[in-house]
S.K.: 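Here it is, the structure in full.
As the structure is a prediction and not an experimental result, all values here were calculated from the model. Chain identifiers are assigned alphabetically (A, B, ...) following the order of the sequence lines, protein sequences preceding nucleic acid strands; residue numbering begins at 1 within each chain.
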Amino acid sequence: MRYWLMKSEPDAYSIDALAKDKVTAWTGVRNFQARNFMKEQMALGDQAFFYHSNCNPPGIVGIVEVAKLAYPDATQFDKKSDYFEPKATRDKPYWYHVDVKFLCKVPIVPLEELRKHKALANMRILQRGNRLSITPVDPREWAFITEKLIR
DNA sequence: GCCAACGTTGGC
DNA sequence: GCCAACGTTGGC
């Protein structure tokens, strides 16, 4: 089982929205690396930090679990959707996504707090210019955050 | 709102 | 297949 960090802009979809929905389809990912993490590596039961980005303050606000393996993103076939992909066909979809299940909310662990800890220095989210919306989290980093920074 | 960093596109 | 131009992300 692996660990992940998944970004969402709270204006678009927040941890509170997921707490209400319980399960959501993680649609709209349009980056090949992020897609491949979902399609090729995510397994049922994998856990992920739910991260609020592009807000003040950005940070980890919850924990979720992969509840359904990757399947084609329906929004790519919808001409009216912002996520429409003209090159995709039903036989050869471009974009995939998993479903994630709400596990819990946590008191925010701000990005600024993550930066303070040497144990987390290699986290993808902390690297300069990082924009990837889904990133793997090392099990040791996961343990550090859940044991030391979340209470 | 600014802007650095990055991914993607498309002309050649 | 290179690479400049462009669009997007996301912290600040």
S.K.: Name all pairs fulfilling the side-chain hydrogen bond (donor to acceptor under 3.5 Å, both in side chains) condition that reach into residues 136-149 of chain A, sequence neighbours left out, sorted by first residue then second.
M.R.: A:Asp138-A:Arg140
S.K.: Roughly how many Å is it from NE2 in A:His52 to P in C:dG10, rounded to a whole number?
M.R.: 13 Å
S.K.: Calculate the interatomic distance between A:Leu126 atom CG and C:dG11 atom C1'; express it in whole Å.
M.R.: 12 Å
S.K.: Taking only residues two or more places apart in sequence or in another chain, which ones pass side-chain hydrogen bond (donor to acceptor under 3.5 Å, both in side chains) with A:Lys68?
M.R.: none
S.K.: Rounded to the nearest angstrom, tell me the gap between atom CD1 in A:Ile134 and atom P in C:dG10.
M.R.: 11 Å
S.K.: Supply the atom-to-atom distance A:His97 NE2 to A:Thr24 OG1, rounded to the nearest 0.5 angstrom.
M.R.: 9.0 Å
S.K.: My understanding is that only residues two or more places apart in sequence, or in another chain, count here; which of them pass ring pair (Phe, Tyr, Trp, His ring centres under 6.0 Å) with A:Tyr96?
M.R.: none
S.K.: Could you state the CG-P distance from A:Asn54 to B:dC2, rounded to the nearest angstrom?
M.R.: 15 Å
S.K.: Whole angstroms only, please: what is the CD1-P distance between A:Ile108 and C:dG11?
M.R.: 11 Å
S.K.: Tell me: CG of A:Asn56 to P of C:dC12, nearest whole Å?
M.R.: 10 Å
S.K.: With sequence neighbours excluded, give me every side-chain hydrogen bond (donor to acceptor under 3.5 Å, both in side chains) pair touching residues 70-80 of chain A.
M.R.: A:Arg30-A:Asp73, A:Arg30-A:Thr75, A:Tyr71-A:Asp99, A:Asp73-A:Thr75
S.K.: Output the rounded distance in Å from CD1 (A:Ile60) to P (C:dG11).
M.R.: 12 Å
S.K.: Considering residues at least two apart in sequence or located in another chain, which fulfil the ring pair (Phe, Tyr, Trp, His ring centres under 6.0 Å) criterion with A:Phe77?
M.R.: none
S.K.: Considering residues at least two apart in sequence or located in another chain, which fulfil the ring pair (Phe, Tyr, Trp, His ring centres under 6.0 Å) criterion with A:Phe102?
M.R.: none
S.K.: In whole angstrom, give the distance that lies between atom CG of A:Asn130 and atom P of C:dG11.
M.R.: 9 Å
S.K.: Mind checking what makes ring pair (Phe, Tyr, Trp, His ring centres under 6.0 Å) contact with A:Tyr13, not counting sequence neighbours?
M.R.: none
S.K.: What N/O pairs connect the protein and nucleotides 7-9 of chain B at under 3.5 Å? Give each pair on its own line.
M.R.:
| unit_1 | atom_1 | unit_2 | atom_2 | d |
| --- | --- | --- | --- | --- |
| B:dG7 | O4' | A:Arg131 | NH2 | 3.1 |

S.K.: Looking at A:Phe50 versus A:Trp4, is the centre-to-centre ring distance below 6.0 Å?
M.R.: no
S.K.: Starting from the first five and the last five pairs of the helix from B:dG1-C:dC12 to B:dC12-C:dG1, work out the angle between the resulting helix axes, to 10 degrees.
M.R.: 10°
